[in-house]
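Notes for the one structure printed next.
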Amino acid sequence: MPEETFLSDDFLRQIMAAGQVDILVGVPTLNNRDTIQQIVSAVRVGLVKYFPRERAALVNLDGGSTDGTPDLVKGATAPDFRSFLAADPLRTMHTLTTSYSSIRGKGGALQAILAAADLLRARACALVYPDMESITPEWIDALIRPIYREEFDLVAPVYQRHKFDGLLINHVLSPLIAAAYGCEIEEPMGGQFAFSGRLATHYLSQDAWQQDLMRFAPEIWMTATALAGDFRLCQAFLGPKLHSAKSSGTGLASTIQQVVGALFSCLEMHESYWASYQGTWTAPVFGFVYDVDLPPLRVNRKRGLSTFQKGVEELSSVLEPVLSPSTLQQIREVAKLPEVHFSDELWVKTVYEFAGAFHRSVINRDHLLQALTPLYLGRIDSFLTENYKSSAAQAREKIKQLRGRYVSLKPYLIERWKAKV
Amino acid sequence: MIDFIVKSLTQTLHTFSEMVARFLPQLLALLIIVVVGWITAWLLKVILRRVLPLVRFNSLFDAAGFTQLLAKAALPTPSELLARLVFWALWLIFILFGLAALQIAPLQEELSRLFSLLPQLFVALVILFVGLLIANFVSRATLLAAVNADSPSPRLVSAMVRFVIVTLAGTMALERVGLGRGVILVAFSAFFGAIMLGLALAFGLGGRDLARRIMERHFLEKKEEDQGISHL
């Protein structure tokens with residue numbers, strides 16, 4: 001089997017000892033000492049509480065932690081289930097641990113988890129990243145149940161977020177996926193996913209594992225590939241999203257380069273699907289949706305505005321081959337104003353022209369994506385200004401309108417994508 | 001006396017006629033070689049002009065920004081430039097062969113020196129070409145990084161980076177060809193050393209406060225951003 005070439009002998013022995021499972025939960029780690037015990041406890045309690053009769057396994061893939069994270073996973077004692085349940089669990093939960101090469105990034109961990117799911121013939125799998133402080137056992141039920149009981153293939157998370165949180169997702173990733181692939185999904189790279197065994201096998205059979213996008217943003221690829229393969233997709237409400245204090249250390253320009261680059265690469269892979277797809281549908285949301293008061297966010301507008309204005313002025317030589325003359329001229333006019341108003345239509349056209357330029361490689365792709373950063377900051381500054389006093393519901397409505405604009409301008413995306421120059 | 005003058009003149013005329021008679025075929029050979037060379041070079045130029053766009057030759061240079069660089073310098077596209085370079089290089093070779101056919105000894109010596117220089121000239125042009133590509137790429141990366149980091153004067157920093165790389169490539173190219181080898185190296189070393197010393201003094205003494213403000217802004221504001229919005 002192809003999986004054997006990158007799985008270690010020790011891991012294969014653990015898999016063979018486990019035999020077959022119904023549910024697999026994968027937890028990739030890299031120096032997550034502070035949160036891993038809570039994650040492991042939440043997963044164990046969730047599986048025992050909501051899937052007591054199912055055979056389950058927790059698979060920890062470690063990318064070379066130096067803070068003892070794998071030892072904490074191996075040595076984690078089972079929580080006192082009696083405080084959560086009426087009785088002891090019926091089944092033994094297997095815990096499998098192995099390492100992956102951190103050079104391969106998230107994609108390396110994901111491929112190993114998918115391979116384990118395939119070998120263990122798991123019906124449902126979940127992927128839980130350990131940087132979330134707000135995880136509860138109910139997340140396991142919310143993610144796995146639609147796969148296990150309702151026969152969906154991919155479950156993406158929905159979080160309650162501050163109106164100014166996740167701006168790159170709301171202004172680029174989610175609406176572009178809605179326009180191109182026809183599916184309205186709030187968190188295309190939400191961090192916690194669940195997928196069926198058959199979708200895992202489909203992922204493993206794809207040829208994308210050595211590409212750069214798999215190192216940094218495999219979740220985007222997972223969502224896009226599932227949509228392009230006509231798999232059944234839904235969403236699960238998980239509650240508030242609270243990250244741990246540990247920062248990823250990646251700057252905004254690198255984040256845009258990795259994440260937006262991954263999405264543009266997916267558009268290239270699935271061009272035959274999305275170029276002819278028409279219409280949109282909303283992935284159904286499972287779970288009880290509620291609102292809680294979220295802590296306020298501190299927003300630094302000054303630097304973003306300065307970077308936008310300076311970027312438009314200094315990056316003419318980079319932006320001219322990428323953007324159409326009319327779009328570039330409009331952006332220049334917007335940048336001159338003291339109060340930036342970056343309209344939905346202008347922003348959508350900007351993103352689509354960047355996508356087309358990426359496809360044609362008019363300049364080095366990394367440089368092209370980095371040049372998007374100041375324009376994104378201009379768009380964000382405009383959004384922050386216009387919605388500073390809005391409620392969360394009003395801000396969500398604006399995002400919905402933006403998504404509508406992306407969808408209505410899809411013919412322009414196709415035109416820019418197929419342009420010769 | 002008159003007979004002697006007439007005889008000398010006749011002999012001189014006869015010698016001159018023989019020289020011309022010997023030279024004319026060689027001149028004719030030169031002209032034929034030059035004309036054939038022009039036709040061959042022109043045909044090759046026409047073929048390259050047709051073939052290179054078909055294999056999307058220009059797109060290889062678009063991503064590196066070389067096409068833009070050429071456009072800014074009012075030069076033709078990479079495919080047109082290559083076609084013209086091939087034309088002139090091939091025709092020049094034919095002209096040199098034609099000159100060799102004249103069999104004039106001092107000329108032959110200079111020609112053989114020129115031929116021995118051609119490989120070095122080719123390598124020097126390659127060094128210069130690669131240097132320009134690298135300069136363009138690195139200067140653009142510097143510009144983008146400086147803009148996204150909200151650094152002051154990003155275009156100045158980018159231009160300086162380009163200047164340093166182009167100067168280095170030019171020096172290496174000239175050194176390869178052997179033109180004023182010692183002078184070029186000494187001049188480059190002195191110039192580069194002076195620039196670095198000047199920058200160190202300017203930044204170290206005059207830019208101390210600015211450096212502190214930039215570092216404070218970078219590290220403190222980054223910490224503030226970490227506690228602010230998450231873009232993902």
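For the numbers below, each heavy atom of this structure counts, side chains included, while hydrogens, waters and symmetry mates do not. Below, chains carry the letters A, B, ... as their sequence lines are ordered, and counting in each starts from 1.
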request  = Pick one of side chain, backbone, both or neither for A:Tyr376, based on which atoms fall under 4.5 Å of a heavy atom in chain B.
outcome  = side chain
key: Which atoms of A:Leu368 approach chain B - backbone, side chain, both or neither, heavy atom under 4.5 Å   = neither
query = Which one of A:Leu377, A:Ile256, A:Leu315, A:Thr373 satisfies the side chain to side chain contact (heavy atoms under 4.5 Å, CB included) criterion with B:Asn148?
reply = A:Thr373
Separation of B:His231 NE2 from A:Leu252 CG (nearest 0.5 Å) = 4.5 Å
Distance, nearest 0.5 Å, that separates OG of B:Ser151 from CD of A:Glu314 = 11.0 Å
Please check if atom [atom1] in [X] has more than 12 non-hydrogen atoms from other residues, nucleotides or ligands closer than 6.0 Å.
{"X": "B:Arg50", "atom1": "CZ", "answer": "no"}
{"X": "B:Phe122", "atom1": "CZ", "answer": "no"}
{"X": "B:Phe97", "atom1": "CZ", "answer": "no"}

note = Heavy-atom closest pair (B:Asp150 atom, A:Ser306 atom, distance to 0.1 Å) is OD1-OG, 2.9 Å
task = Check whether any side-chain heavy atom of B:Val147 sits under 4.5 Å from a side-chain heavy atom of A:Gln370, and report yes or no.
result =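 Counting from C-beta outward, B:Val147 and A:Gln370 never come under 4.5 Å.
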Side chains of B:Arg140 and A:Ile363 in contact at under 4.5 Å (non-hydrogen atoms) = yes
